[in-house]
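Below: the structure, in structure tokens.
In this text, all values refer to a predicted model and were calculated from it rather than measured experimentally. Numbers here are sequence positions counted from 1.
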Amino acid sequence: MKKILAIITVLSLFSCGKSDEIHPINQDIKELVFASGQLEWDDSYNLTAQTDGVLQDANFEVGNTVAKGKTIARLDNEINKINAETSQQQIVISNENVTSSAPALMQLEQNIQFAESKYAQDKKQAERYERLMQLEQNIQFAESKYAQDKKQAERYERLNQQNIGSKVEYENAQLAAKNSLSSLNSLKKQYRVILQQAKQQQIATKGQLKSNQVVKNYNLIMVTESGTVIKKLKNNGDYVKKGEIIATIANQTKVEAVLNVDENSIGKVTLGQTVFIKLNTHKNNVLKGKVSEILSAFDQQTQSFICKVIFDKPIENSLFGTQLEANILVGEKKNALLIPRNYVGFGNKVNVKGKEEYVIIKPGIVSTEYVEVLEGVTKDDVLLPLKL
């Protein structure tokens, strides 16, 4: 049971007149809050699996020092490797699809060249008919000065001699050129669309490749921060699910004591207070430290509040998880007036010799054995055992 202890810093006993009578005395006193706990290393973290698989090459052991970035195990997950390889092959194809040698683009390029050639021919034919029609108009204007029949006959004769076609042929030539141009523009547009689609596919494939490469790397169990392995929870051959802890790593150079403080005592604990610690592995040595952190939340597992303590001097060859006992110095008073606790009854009443009724005192520091008296009795009073 966690309790408050008070240590009297002197060896003298309370002065007694008779065996059951005592006098309060003035002595130094320290109030200590007891807590149990264990040694831990700071900056501890868990290496967790980021994918499912069978653990392999986990050749590390507890106590091994591992460096940041080192791969200490791997997970056998063939699906991740297959996906990464497939993406690698797809990126080759998508890269080819955006080059001029891509089959779809080459076919369109040939169609565009054919369309450009046809458009050039149709345009040339249309221009020829346009010149002929212009010539026909000029002839009609010149022949209007002659007699209608004669001029008409002569015009047709010249047209026939020059092999000039009709207006319908001219209009058909213009339409053919227009259609050829439209077809050419359509093919060019189609070329741009297919090229754009190929580039979009390339971007998507590159993204998928990077994603699959990241997932593939999840097969590697890599150290994120340098430290020492303090726990190994999985072994070679174990099937590991995503999120399961494989090992715990901590910084051995930053040793701290983690204390469990009772909820009735936590209110007296503050940062910077001195702590006296005994390790179960070295019970004859008392180590000193300071309260460095008080966690604000109540720990349900230990049913206590958690305090952390840093040591005044480095601890050599510390073992993670070593159990310990600690006393936190929460109060200290010089030349305090003290009486035994078993002379104090309910309601802080004491039996003073010569008094018909119990005297109520005002207590200060209270321990399992002693009570500091602030008001109620003096050093000259004689205390008697409580009447049962």
Side-chain angles (χ1 to χ4, degrees), residues 2 35-53 55-75 217-236 238 240-262 266 269 271-273 275-282 285 287-326 328:
K2 302 176 180 67
S36 61
Q38 63 181 12
L39 278 186
E40 292 187 5
W41 298 342
D42 199 9
D43 299 331
S44 63
Y45 66 94
N46 295 325
L47 283 180
T48 58
Q50 299 184 68
T51 187
D52 300 340
L55 189 65
Q56 295 182 348
D57 300 334
N59 299 321
F60 63 91
E61 298 297 337
V62 173
N64 290 163
T65 300
V66 290
K68 180 178 180 179
K70 180 181 179 181
T71 299
I72 61 174
R74 65 183 180 86
L75 293 170
N217 288 335
Y218 288 166
N219 291 358
L220 304 178
I221 308 303
M222 188 175 297
V223 177
T224 56
E225 293 294 337
S226 299
T228 302
V229 179
I230 58 176
K231 292 181 183 179
K232 183 179 180 180
L233 292 91
K234 298 293 181 179
N235 296 303
N236 284 329
D238 289 344
V240 181
K241 294 182 179 180
K242 181 179 180 180
E244 288 188 329
I245 300 173
I246 296 173
T248 302
I249 298 175
N251 188 346
Q252 190 177 7
T253 62
K254 296 182 179 180
V255 182
E256 61 184 7
V258 178
L259 307 181
N260 301 315
V261 181
D262 185 84
I266 191 63
V269 180
L271 296 177
Q273 289 176 334
V275 184
F276 304 95
I277 298 173
K278 286 185 178 182
L279 303 179
N280 285 4
T281 54
H282 300 84
N285 295 334
L287 306 174
K288 291 180 66 176
K290 295 286 189 302
V291 177
S292 60
E293 185 178 357
I294 303 173
L295 276 63
S296 58
F298 184 77
D299 187 73
Q300 294 293 338
Q301 184 176 358
T302 61
Q303 290 295 297
S304 63
F305 285 92
I306 306 298
C307 294
K308 294 185 178 181
V309 177
I310 56 174
F311 292 90
D312 293 346
K313 297 181 179 179
I315 301 178
E316 297 182 357
N317 301 322
S318 64
L319 299 176
F320 184 90
T322 300
Q323 299 298 301
L324 57 86
E325 294 181 351
I328 306 171

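For the pair Val291 and Ile294, the tightest heavy-atom approach, listed with the atom from each and the gap, is CG1-CG1, 4.0 Å. Residues Ala49 and Val240 share a closest heavy-atom pair of CB-CG1, 3.4 Å. Heavy atoms only, all atoms of each residue included: Cys307 and Val269 are closest at SG-CG1, 4.1 Å. Of all the heavy atoms in Ala58 and Asn236, the pair that sits closest is N-OD1, 2.7 Å. Considering all non-hydrogen atoms of both residues, Ala247 and Leu233 come closest at CA-CD1, 4.1 Å. Annotation for Gln273 and Ile328: closest pair OE1-CG2, 3.5 Å, computed over non-hydrogen atoms.
Judged by distance alone, the side chain of Thr48 and the main-chain N or O of Gly243 form no donor-acceptor pair under 3.5 Å. Remark: side-chain polar atoms of Asp52 are paired, donor with acceptor, to backbone N or O of Lys242 under 3.5 angstrom. Checking side-chain atoms of Ser292 against main-chain N and O of Lys308 turns up a donor-acceptor pair under 3.5 Å. Using modelled atom types, no side-chain atom of Asp57 and backbone atom of Ala73 make a donor-acceptor pair closer than 3.5 Å. Remark: the backbone N or O of Ser304 is not paired with any side-chain donor or acceptor of Asp299 at under 3.5 angstrom. Remark: the backbone N or O of Gly321 is paired with a side-chain donor or acceptor of Gln323 at under 3.5 angstrom.
Considering CD1 of Ile221 and NZ of Lys234, their distance stands at 11.5 Å, rounded to 0.5 Å. Atom-to-atom distance recorded for Ile230:CD1 and Asn251:CG is 10.5 Å, nearest 0.5 angstrom. Distance check: Phe305 CZ to Ile266 CD1 gives 6.5 Å after rounding to the nearest 0.5 Å. Rounded to the nearest 0.5 Å, atoms CD1 (Ile245) and CG (Leu47) are 9.5 Å apart. To the nearest 0.5 Å, the span separating CD on Gln38 from CD on Glu256 amounts to 10.5 Å. Taking NZ of Lys288 as the start and CZ of Phe276 as the end, the distance is 5.5 Å to the nearest 0.5 Å.
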**OP:** Run the numbers on Val275 and Leu259 for side-chain contact (heavy atoms from CB on, under 4.5 Å), then give the verdict.
**Re:** CA-CA 10 Å; Val275 184; Leu259 307 181; 4.2 Å; yes

**OP:** For Tyr45 and Ile249, run side-chain contact (heavy atoms from CB on, under 4.5 Å): C-alpha distance rounded to whole Å, both residues' side-chain angles, the deciding distance at 0.1 Å, then the answer.
**Re:** CA-CA 6 Å; Tyr45 66 94; Ile249 298 175; 3.7 Å; yes

Original post:
Step by step, would you call Glu40 with Phe320 a side-chain contact (heavy atoms from CB on, under 4.5 Å)?
Top reply: CA-CA 5 Å; Glu40 292 187 5; Phe320 184 90; 3.9 Å; yes

**OP:** Test Leu324 against Leu39 for side-chain contact (heavy atoms from CB on, under 4.5 Å), laying out the working first.
**Re:** CA-CA 7 Å; Leu324 57 86; Leu39 278 186; 4.1 Å; yes

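For Lys231, the NZ atom is loosely surrounded, since the number of other residues' heavy atoms within 6.0 Å does not exceed 12. Counted within 6.0 Å of NZ on Lys278, heavy atoms from surrounding residues, nucleotides or ligands total 12 or fewer; the atom is thus considered open.
With sequence neighbours excluded, no residue forms a ring-ring contact (aromatic ring centres under 6.0 Å, His included) with Phe60.
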